[in-house]
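Heads up: the structure comes next, in structure tokens.
Quick caveat, the model's predicted, so the values are computed rather than measured. Here is the naming used below: chain letters follow the sequence lines, and residue numbers restart at 1 for every chain. Values reported hereafter were calculated over all heavy atoms of this structure, with side chains retained and with hydrogens, waters and symmetry mates removed.
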There are 2 protein chains.
Amino acid sequence: MLDVMAGTRRATIGRPREFDVDEALERAMRVFWEQGYEGASLTDLTAAMGITRTSMYAAFGNKEDLFRRALERYFAGPAAYAERAPEEPTAKQVAAAFLHGAVDTTTSPEQPSGCLSVQGALAAAPADRAVQDLLADVRNDACARLEDRFQRARDEGDLPPTSDPGLLARFLMTVSGGIAVQAASGAGRDELHRVADAALQNWPPA
Amino acid sequence: MLDVMAGTRRATIGRPREFDVDEALERAMRVFWEQGYEGASLTDLTAAMGITRTSMYAAFGNKEDLFRRALERYFAGPAAYAERAPEEPTAKQVAAAFLHGAVDTTTSPEQPSGCLSVQGALAAAPADRAVQDLLADVRNDACARLEDRFQRARDEGDLPPTSDPGLLARFLMTVSGGIAVQAASGAGRDELHRVADAALQNWPPA
DNA sequence: ACAGTTAAGCACTGATCGGTACAGAACAAA
DNA sequence: TTTGTTCTGTACCGATCAGTGCTTAACTGT
């Protein structure tokens, strides 16, 4: 039997869902963001989502799957700066967009402090290795994107030939991770913007 | 009744302890270091310490007290660089000792990767607020010590009058926190030393 | 020998963890 | 109305959490 409808939204048969999946996912994302993967219990999550455990399992699979979806939403929304920064026209602008974007996202007054992927990564019980590996992949991808971008910048003369694209990328990842830690510890937005500026002060000239 | 013996070691009456408190504390510290405060269960801890739950409670109080003791041991031992760095003769040497010390401690092949106080801080269930506050105090103390040191350096002409001691201190805390995140994610020691050098490259001249 | 004191070890507590069985409710197709 | 399908809510599962009661063991002082 050919499944010609694969990928299309099937006509609604059965009882219709009574909650908004997107809205529920948004709220779950915030709980994970505030409490980390392990710190967020299903009771916390479903209470914030406004649905029962059963509905959550039916809609998202399990806690790990829910976290995956929440993480996707995080990088598509609040943390989109990480993927957009490499599109800036110059290497220095890429770096500035990356760091200042990190500050804005981790210190937004309307959102939890800190970074979902950093919070999640450091709550490290060996049991949740799958989640840790997922987060490690996300971070490595971001680092690789920056490195590729700086490699291109060097090829184009936007960075000096002596510069090290991998080191520059790792440096930005390190500072942005530190910004997330500081933000989670309560550091202020203005202060962290100044820290970001300080980190960018010795950026290689074009 | 005057307790003239207060503070002195009472003669050993009763059954003698069969384990070395220091050794047990060292092993507990490593478990907290690897797994964070919440991630380290009493089963994990006591198994590593080689004692029963009962003995742990009798000797240390409870899990939170044990963590406090482990944290003290951490900053007296593996993370002593944080308190020793301000003793360096120049501001730049202070900064270098702080960052490279962070790299050495968080990437030691003989010890867990990352930083105990960062790992513990970001596993944030609201229930353990006492532990989070404790770790926030520790971090703020370290930042204040650096700031005082750089203030003195500026007064002594070791830093230019235009430099901002608070910003320099916060910058170092941010980078060292980022180093801890990178180390926990598996970044290599040599690579992080290069990142530390990059962060120190634009340090204000004397 | 005996009382007093402290530690060790087993078995247990109530609470909470992630996850689920089951029954009823709400829809589409027949 | 009946049947099939999907969602909702309750009430529960075994496992694990931090923490303890109680007995027994090992020591000191008398």
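- Of the possible donor and acceptor atoms, none in the side chain of A:R68 sits under 3.5 Å from a partner among the backbone N and O of A:L134.
- To the nearest 0.5 Å, atom CZ of residue A:F150 and atom CZ of residue A:R170 are 13.0 Å apart.
- The residues B:R73 and B:D22 are annotated as salt-bridged, a charged nitrogen and a carboxylate oxygen being separated by less than 4.0 angstrom.
- Computed from coordinates, the B:D65 CG to D:dA18 P distance equals 14 Å when rounded to whole Å.
- One atom, CZ of B:F19, and another, P of D:dA26, lie 16 Å apart when rounded to the nearest Å.
- Between the CZ atom of B:F67 and the P atom of D:dG19 there is a distance of 14 Å, given to the nearest Å.
- One atom, CZ of A:F60, and another, P of C:dG18, lie 16 Å apart when rounded to the nearest Å.
- Of the side-chain N and O atoms in A:S55, one or more sit less than 4.0 angstrom from OP1 or OP2 of D:dT8.
- Ranking D:dG19, D:dT8, C:dG18 by closeness to the B:L42 side chain, first place goes to D:dG19.
- Computed from coordinates, the B:E18 CD to C:dT5 P distance equals 21 Å when rounded to whole Å.
- The side chain of B:R53 lies closest to D:dG19, out of C:dG24, D:dG19, C:dA28.
- Out of D:dT28, D:dG9, D:dA26, the shortest distance to the side chain of B:P16 is found at D:dA26.
- One finds a side-chain N or O of A:S41 lying less than 4.0 angstrom from the OP1 or OP2 phosphate oxygen of C:dC17.
- The nucleotide whose nearest atom lies closest to any side-chain atom of A:T54 is, among C:dC27, D:dC7, C:dA21, C:dA21.
- In this structure the side chain of A:Y57 reaches within 4.5 angstrom of the side chain of A:L42, judged on heavy atoms.
- In terms of phosphate contacts, B:T43 brings a side-chain nitrogen or oxygen within less than 4.0 Å of OP1 or OP2 of D:dC17.
- In this structure, of C:dA7, D:dT20, D:dT8, it is D:dT20 that holds the atom nearest to the side chain of B:Y57.
- Of the candidate nucleotides D:dT28, C:dA8, D:dT10, D:dT28 has the atom nearest to the side chain of B:T12.
- Rounded to whole Å, atom P of D:dT6 lies 5 Å from atom CD1 of A:I13.
- Taking the six-membered ring for Trp and thresholds of 30 and 60 degrees, A:F67 and A:F32 have ring planes more than 60 degrees apart, a perpendicular arrangement.
- Rounded to an integer number of Å, the gap from A:K63 NZ to C:dG19 P is 8 Å.
- In this structure, CZ of B:R15 is placed 18 Å from P of D:dG29, rounded to the nearest angstrom.
- When each of B:G50 and B:G14 is assigned the nucleotide of DNA chain C with its nearest heavy atom, B:G14 is the one assigned upstream, toward the 5' end.
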